[in-house]
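Counting starts at 1 for both ligands and their atoms, in listed order. Just so you know, these numbers come straight off a predicted model, no measurement behind them.
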Amino acid sequence: MQLEIPRKLSSLVEQAHLVATEVFRPISRKYDRAEHEYPIELDMLASVMDGMNEGDSSGGAGAAQLKQERAIKGAGVRNGSNMATVLGLTELCWGDVGLALTIPRQGLGNAAIAAVATEEQRHRFKGRWAAMAITEPAAGSDSANIRTTAVRDGDHYILNGEKIFITAGGRADVIVVWATLDPALGRAAIKSFIVEKGTPGMHLVRLDHKLGIRASDTATIMFTDCRVAKENLLGNPDIDAKQGFGGVMQTFDNTRPVVAAMALGVGRASLERTRELLRQRGILSGYERSLFGSTAAEAELYRMEAELESARLLTIKAAWLADNGIPNSKEASMAKAKAGRAANFITLRCLQLCAASGVTETELLEKWARDSKILDIFEGTQQIQLLIIARRLLGKSSQELR
Ligand SMILES: Cc1cc2nc3c(=O)[nH]c(=O)nc-3n(C[C@H](O)[C@H](O)[C@H](O)COP(=O)(O)OP(=O)(O)OC[C@H]3O[C@@H](n4cnc5c(N)ncnc54)[C@H](O)[C@@H]3O)c2cc1C
């Protein structure tokens with residue numbers, strides 16, 4: 001395993017950093033204050049990203065390109081879409097997590113389509129912005145408990161249920177909705193359906209006000225007798241009790257390292273700015289002295305750097321496994337658990353070290369601390385990641401260890 005940024009991806013990292021510096025940072029505070037206002041500056045960026053992905057033979061970067069590769073002979077040689085997305089999003093989120101989550105056509109639903117759609121569906125929904133609707137009022141961490149139903153009626157399925165906390169739910173072109181074909185059959189009966197915005201029976205109830213990532217909209221959507229063509233069921237319509245969640249869960253193996261990457265970005269942003277502010281006050285962190293000879297503030301910075309570096313290594317390992325077709329559920333959860341916790345700790349601790357500058361709006365430090373919190377919650381909370389890791393290490397099923 002190569003621990004350096006692969007040479008073929010270094011220009012992508014540079015471009016993403018440039019976008020973070022020149023596009024995101026200048027409008028970061030504006031859209032934190034103007035919650036629910038669409039950042040029109042991102043339209044141009046989305047077109048540039050589409051163009052970059054079209055011309056990229058390695059599979060490109062971004063949620064729409066994420067895929068679990070098949071194992072290849074001599075595994076360990078490939079850096080593909082997972083690595084590219086992880087590295088790119090780290091940089092973009094160094095700029096702004098909320099804006100990164102709002103780039104058109106790079107939604108969580110796009111990752112689901114990339115992971116489980118048939119070739120025909122991939123072609124049909126190419127270029128559409130897709131959000132993902134799993135969570136319900138009575139089903140958050142326990143996604144096997146979802147109550148939204150999909151009942152077959154001729155050439156259609158009829159969807160009924162309420163979905164909450166849908167990132168980009170108000171802005172996306174289509175929503176990937178998780179629904180059960182038969183609540184009595186448990187998780188095997190849960191399928192995902194692509195619902196076009198404006199389909200009769202689909203109603204945007206509200207957009208939430210949030211602690212952080214305010215540039216990203218979070219929607220509640222009701223489905224009442226919402227009729228969806230049977231061809232919009234993603235993947236295999238059969239209920240295979242052996243498969244369990246099967247394909248849909250695979251999405252998380254690709255997206256959890258991506259959320260970890262977001263945490264790396266915002267954590268690094270806080271650390272870098274804190275180092276600059278402390279340097280202006282004469283607190284230097286030049287690594288000249290040993291940990292014991294350093295000031296308390298210096299020692300804290302070094303410890304936080306070590307936390308971030310260990311999270312980074314876990315994250316690129318999880319992405320590298322996905323790119324090489326090696327199962328990565330445990331590593332994806334490890335990366336997200338470590339990076340989410342590290343970013344929460346670092347962003348808050350940096351704020352403390354900078355004291356007044358940490359909490360005022362003249363700096364982005366307080367915003368980064370707010371933005372980072374969600375990264376330890378969505379795509380599975382800290383506790384859920386630890387549970388998955390424990391299951392994998394102990395060889396227990398989700399029934400045996402809950
Ligand atoms: C800003 C934002 C954006 C989101 N975007 C999306 C999206 O795009 N699509 C989507 O479908 N969802 C989305 N979500 C929902 C998110 O994934 C859920 O909030 C998350 O899965 C947790 O569910 P919950 O909030 O219902 O908490 P709960 O599941 O009720 O958990 C409450 C607490 O109990 C803990 N807990 C639960 N079960 C266990 C257990 N077995 N063992 C130990 N501890 C446990 C949890 O860790 C948590 O601390 C988003 C949420 C937010 C806030």
Closest protein heavy atom (residue, atom, distance) for atom 29 (O) of ligand 1: S141 OG, 2.6 Å
Heavy atom of protein inside 4.0 Å of atom 50 (C) of ligand 1, strictly below: yes
Side chain, backbone, both or neither: T167 near ligand 1, heavy atoms under 4.0 Å: both
side-chain hydrogen bond (donor to acceptor under 3.5 Å, both in side chains) between S329 and D253, intermediate numbers included: CA-CA 5 Å; S329 290; D253 295 342; 3.0 Å; yes
Criterion side chain to side chain contact (heavy atoms under 4.5 Å, CB included) against P39, the qualifying member of L45, V23, T102: T102
Residues K336, E379: salt bridge by 4.0 Å N-O rule: no
Those atoms of ligand 1 less than 4.0 Å from some heavy atom in L387: 41 (N)
Option among K367, R370, R29 that satisfies the salt bridge (Lys or Arg N to Asp or Glu O under 4.0 Å) test with D96: K367
Heavy atom of protein inside 4.0 Å of atom 26 (O) of ligand 1, strictly below: yes
Electrostatic pair E272-R275, nearest N-O below 4.0 angstrom: no
Lys/Arg cation over aromatic W94: R25, 6.0 Å, 45° cone: yes
Atom 20 (C) of ligand 1: the protein heavy-atom neighbour that sits closest, reported with distance to 0.1 Å: I377 O, 3.9 Å
Pair E41, Y31: side-chain N/O donor-acceptor within cut-off below 3.5 Å: yes
I134 and ligand 1 - part of the residue with a heavy-atom distance under 4.0 Å: both
D217-Y38 side chain donor-acceptor pair, cut-off 3.5 Å: no
Nearest protein heavy atom with distance in Å, relative to atom 47 (O) of ligand 1: T381 OG1, 2.6 Å
Shortest protein heavy-atom distance from atom 39 (C) of ligand 1, along with the residue and atom involved: I384 CD1, 3.8 Å
N79 side chain to D323 side chain, donor-acceptor N/O pair below 3.5 angstrom: no
Under-4.0 Å protein heavy-atom contact, atom 10 (C) of ligand 1: yes
Heavy-atom nearest neighbour in the protein, as seen from atom 24 (P) of ligand 1, with distance rounded to 0.1 Å: G140 CA, 3.9 Å
Any R187 side-chain heavy atom under 4.5 Å of S398 side chain: yes
Distance-only polar pair, side chains of E307 and Y302, donor-acceptor under 3.5 Å: no
Polar proximity ligand 1 side, D142 side, N/O cut 3.5 Å exclusive: no
Closest approach of any protein heavy atom to atom 52 (C) of ligand 1, naming residue and atom: I374 CD1, 3.4 Å
Shortest protein heavy-atom distance from atom 7 (C) of ligand 1, along with the residue and atom involved: F165 O, 3.0 Å
Ligand 1-proximal atoms of K163, by part, heavy-atom distance under 4.0 Å: neither
Per-atom contacts, ligand 1 versus M132 - under 4.0 Å to a heavy atom: 7 (C), 8 (O), 9 (N), 10 (C), 11 (O)
Ligand-side contact atoms (ligand 1) for residue partner Q383, heavy atom cut-off under 4.0 Å: 43 (C), 44 (N), 47 (O), 49 (O)
Protein contact of atom 15 (C) of ligand 1 - nearest heavy atom, named by residue and atom, plus distance: T135 OG1, 3.2 Å
Atom 34 (O) of ligand 1 within contact range, any protein heavy atom under 4.0 Å: no
Single hit among L321, I326, L314 for side chain to side chain contact (heavy atoms under 4.5 Å, CB included) with E331: L321
